[in-house]
Amino acid sequence: MVGVIEKELKANHSHASQVSASRHVQHGGLISKVNHSCSPSCGIAVNKSGAHDFIAFRSIDKGEEITFDYAMRNYSIEFFPNPCLCGELECRKSVNGWKGLSSIKKLEYNGFIAPYLLEMDRN
Ligand SMILES: [Zn+2]
């Protein structure tokens, strides 16, 4: 699924996508409709425009909802109401950002996350 940036944002908010360490945007098209899951079917790749494309993280069954983990693109998430309602067995019960993921989960998502998250971990 190809991502398109619809609007630049001055700050993080409830519908913001983080696209660099300091930049937040609003995605347009179908990307903006994809829900969070703690056991997602898709991950993130940053395309030439700086928007996020969604890449299949595992096989997706016919009729299955396409999901991603918001922590694959946002270092922190302050505006999501708790608890998480994804319903997955491994649900974290809270929609937290990359900084709140376990080291095991970070390794599991290797190659399917926005690259600035790793830079932010090092700073
Ligand atoms: Zn969940």
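Each ligand, and each atom within it, is numbered from 1 in the order the structure gives. All heavy atoms count here, side chains included; hydrogens, waters and symmetry mates do not.
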Next item on the list: Could you go through the salt bridge (Lys or Arg N to Asp or Glu O under 4.0 Å) check for E64 and R58 one step at a time?
Entry: CA-CA 12 Å; E64 180 184 353; R58 57 169 169 75; 2.9 Å; yes
Note to self: Go through it in stages, so that I can follow the logic: the residues are K106 and D121, the test is salt bridge (Lys or Arg N to Asp or Glu O under 4.0 Å), and I'd like the CA-CA distance, side-chain angles, deciding distance and then a yes or no.
What the structure shows: CA-CA 11 Å; K106 288 181 177 182; D121 266 351; 3.1 Å; yes
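Around the Zn ion (ligand 1), protein N, O or S atoms at less than 2.8 Å number 4.
Side-chain contact annotation: S17 with H27, donor-acceptor N/O pair under 3.5 Å present.
Salt-bridge check for D69 with K105: failed, with every basic side-chain N at 4.0 Å or more from each acidic carboxylate O.
More than 12 heavy atoms of other shown residues, nucleotides or ligands fall within 6.0 angstrom of atom NE2 in H13.
Under the ring pair (Phe, Tyr, Trp, His ring centres under 6.0 Å) criterion, F112 pairs with F57, sequence neighbours left out.
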